[in-house]
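One structure below.
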Amino acid sequence: MCGIVGFVGKEQAAPILLDGLERLEYRGYDSAGIAVVSAKHELQVKKAKGRLKVLSDIIQGGKSVEGTLGIGHTRWATHGEPNDINAHPHLSGDGKVAVVHNGIIENYVELRDFLKGRGYKFCSETDTEVVTQLLAYYYAECGDIFDAVFKVIHRIEGAYALGIICADCPDRFIAARKDAPLLIGYGEGCNFIASDVTAIIKHTRDISYMEDGEVAVITADSVQVYDYMEQPIEKERCFVDWDVSAAEKGGYAHFMLKEIMEQPEAIRKTAFNRIRDNRIILEDLKIDADYIKGISKIFIIACGSSYHVGVVGKYNLERMLRKPVEVCLASEFRYSDPLVDESTLVIVISQSGETLDTMAALREAKSLGAHILSIVNVVGSSIARESDDVLYTWAGPEIAVATTKAYSTQLVLLNMLGLYFGDILGTVSRSEYSAIIDELLRLPAKMEQMLEHTDDIKHFASNYFNHSSVFFIGRNLDYAMGLEGSLKLKEISYIHSEAYASGELKHGTISLIENGTLVIALGTYAPLFDKAMSNVVEVQARGADVLALTTESHAAEMRKTVENVITVPESHTIFQPSLGVVPLQLFAYYVALLRGCDIDKPRNLAKSVTVE
Ligand code: AGP
């Protein structure tokens, strides 16, 4: 996902912009650039393909660019390949307007033709350059950059977070937002915009989230926000209370390893604050017992790892609630004519709260009358703000592209929601409820116990890091957990893998198992352990090299057949995936490390995918 940062104040802008962009690197990008207006009204644009260091070296860390107002951008290519020309900021042909953009303008071709018909030339393949030239067109026509911005946002269609500077206005920049995140940061004698607070938290914790259709005019001493109809509005200000170190590596080699290690504490913060006297307290929930009793069906909608949380959740919630739970990929839900009505509860899961597919599915479900309850990690994010109810995971900022602590906190919170509903519906007995709460309170410590002993996983990673294809097989909750283990491995080590329901192997895929094929056999779901064992024998008979994952109580049995076994502590069935996923995360991490991959910023990936 692209990253935007903007600054106006008394200090030189370029070093501040570079620092902000560096803190947005985790979002994934392929080029970067800045635009700064000098006191002499010169609009300087510097941009380059590749890592931020390339740009920084070109401008001597910002020293060679003079001016106290500027915008910066890290680009994750959508229209046009990654290169210097397609990089942002884009400059208008007359050199007066520079723009950075996150999102997609859907009618850019039509607008480009309109401008070409009026003599405008284009040098890039991007939709953003069209916005820039359209701004220049209206600015030339009306002579006021503010009016020109409104003419543009009433003309363009699609998603945009825009940072705009004009050479004729060296004391202000303009921001506009629709369907792509953008926030305003209020400093002392300076002000900011940013795609997320990570970019500017070292300067200010005092922020406002821009809403769709809003335009902000920002100077060093003032911020004025307008709604889509150009009416001035007052913005609610929020205080960001997490510390800067949360967005630092803290001595770990990678953010991903740090965040794997943070999982026990993240679960404590997410869960324990919602348990009082062994009862789950969800004060933030608007839905009441009558509504819960009236739920006819639950849809869980998400993408990627958040979807995998939903797959685990389906098994657990259906067991606890005895109501139908359907899990659907957000990108599929939108176009599947879903069976949703006023009695459908839609649970939307998203770490970033900005995933466009998930946001669009949310809006589709809402239009069909569903109640939207979202589980989100980023406070104030778009999905959170468009939901009827939101339960925040308190995992803290997750920087690594490959999610770990957010996945784990989402999963725990979803299980808690199921337990909370089950208690109200009477489908979970008092004794079962207490047993689950007791186990939940022990979960972080069990996870910490595992995280203290990772040498066996490093050893197994050294055995298998050269494999080109891996199968994760499991049944029921093990299958659901395997989906996440497989994605972790694919995402960061670039090894092809797939998770397969063990019982389904014999219906085709087992033909792929041959001598030396690595099969990671997941046997932590106790009720089907014997079945898991027979599937191990099944693949070994075809030459598979099996790495097994099971609980301590089943380890001896598994070792009768499998030499390489990873064990996890016993837990209540619904929490077993929360423990089992940790060694799978670590296995992926150590394999990727041995393969020399860019673990925190895997190729082609973004931390939050705000494009279709
Ligand atoms: C997971 O490691 C990936 N980063 C990706 O699958 C991610 O889970 C997916 O894009 C959904 O993101 P969200 O949770 O922010 O909506």
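For this chain, numbers begin at 1 and follow the sequence in order. Remember, predicted model here, so these are calculated numbers, not experimental data.
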Among Leu317, Thr427, Ile287, the one residue meeting side chain to side chain contact (heavy atoms under 4.5 Å, CB included) with Phe421:
Ile287

Residue pair Lys286 / Asp388, side-chain heavy-atom distance below 4.5 Å
no

Do Ser571 and Gln576 get their side chains close enough for a donor-acceptor pair, meaning under 3.5 Å?
no

Test: Arg603 cationic atom under 6.0 Å from Tyr494 six-membered ring centre, within 45° of axis:
yes

Quick one: does Leu182's side chain get under 4.5 Å of Ile4's, heavy atoms only?
yes

Determine the sole option in Thr126, Thr132, Asp127 for which the side-chain hydrogen bond (donor to acceptor under 3.5 Å, both in side chains) test with His90 is passed.
Thr126

Counting neighbours of CG on Asp113 that are heavy atoms of other residues, nucleotides or ligands and sit closer than 6.0 Å, is the number greater than 12?
yes

Could you tell me whether the side chains of Ser497 and Ser486 share a donor-acceptor contact shorter than 3.5 Å?
yes

Identify whether the distance between the nearest side-chain nitrogen and carboxylate oxygen of Lys178 and Glu211 falls below 4.0 Å.
no

Under 3.5 Å side-chain donor-acceptor pair for Thr509 and Glu504
no

Sub-3.5 Å donor-acceptor pair from the side chain of Thr74 to the main-chain atoms of Gly3, do we have one?
yes

Would you check if Ile375 and Val348 make a side-chain contact, meaning some heavy-atom pair closer than 4.5 Å?
no

Neighbour count above 12 (heavy atom, 6.0 Å) for Ile424 CD1
yes

Begin from the C-alpha positions of Leu443 and Leu579 and carry the test side-chain contact (heavy atoms from CB on, under 4.5 Å) through to its verdict.
CA-CA 8 Å; Leu443 186 63; Leu579 290 173; 3.7 Å; yes

Distance-only donor-acceptor check, side chains Glu354 and Ser381, under 3.5 Å:
no

Give a yes or no on this: more than 12 heavy atoms of other residues, nucleotides or ligands lie within 6.0 Å of atom CG of Leu512.
yes

Are Phe472 and Tyr500, when compared by the centres of their aromatic rings, separated by less than 6.0 Å?
no

Using residues 153-160 as the side-chain source, report each donor-acceptor pair under 3.5 Å to any protein atom, sequence neighbours left out, with the distance given to one decimal.
{"unit_1": "His154", "atom_1": "ND1", "unit_2": "Phe150", "atom_2": "O", "d": "3.0"}
{"unit_1": "His154", "atom_1": "NE2", "unit_2": "Tyr228", "atom_2": "O", "d": "2.9"}
{"unit_1": "Arg155", "atom_1": "NH1", "unit_2": "Tyr138", "atom_2": "OH", "d": "2.9"}

Tell me if a side-chain donor or acceptor on Lys490 pairs with a main-chain N or O of His496 at a distance below 3.5 Å.
no

Any salt bridge between Glu318 and Arg322, counting N to O under 4.0 Å?
no

State plainly whether the residues Lys601 and Asp30 are in salt-bridge range, i.e. N to O under 4.0 Å.
no

Looking at side-chain heavy atoms only, is the closest gap between Tyr479 and Tyr315 below 4.5 Å?
yes

Point-to-point distance, once rounded to the nearest 0.5 Å, from CD1 of Ile457 to CG of Leu586
5.0 Å

Taking the side chain as everything from C-beta on, heavy atoms only, tell me whether Thr344 gets closer than 4.5 Å to Ile298.
no

Any chance the side chains of Asn102 and Arg75 put a donor and an acceptor closer than 3.5 Å?
no

Take the angle between the ring planes of Tyr464 and His467 and call it parallel below 30°, perpendicular above 60°, tilted in between.
perpendicular

Is any side-chain heavy atom of His254 closer than 4.5 Å to one of Leu593?
yes

For Ser387, give me all partners under side-chain hydrogen bond (donor to acceptor under 3.5 Å, both in side chains), at least two apart in sequence or on another chain.
Ser374

Would you say the rings of Tyr291 and His371 are close, in the sense that their centroids are separated by under 6.0 Å?
yes

First locate atom OH of Tyr420, then atom CG of Leu391, and finally report the distance between them rounded to the nearest 0.5 Å.
9.5 Å

Residue list, side-chain hydrogen bond (donor to acceptor under 3.5 Å, both in side chains) with Glu364, at least two apart or on another chain:
none

Side chains of Thr355 and Asp357: is there a donor and an acceptor less than 3.5 Å apart?
no

Within-4.5 Å side-chain heavy-atom neighbours: Lys297 and Lys323:
no

What I want to find out is whether Lys531 reaches Asp478 closely enough, with some N-O distance under 4.0 Å, to be called a salt bridge.
no

Say whether His101 and Thr128, considering side chains only, have a donor N or O and an acceptor N or O under 3.5 Å apart.
yes

Going by distance alone, is a donor N or O of one side chain under 3.5 Å from an acceptor N or O of the other, for Gln585 and Gln263?
yes

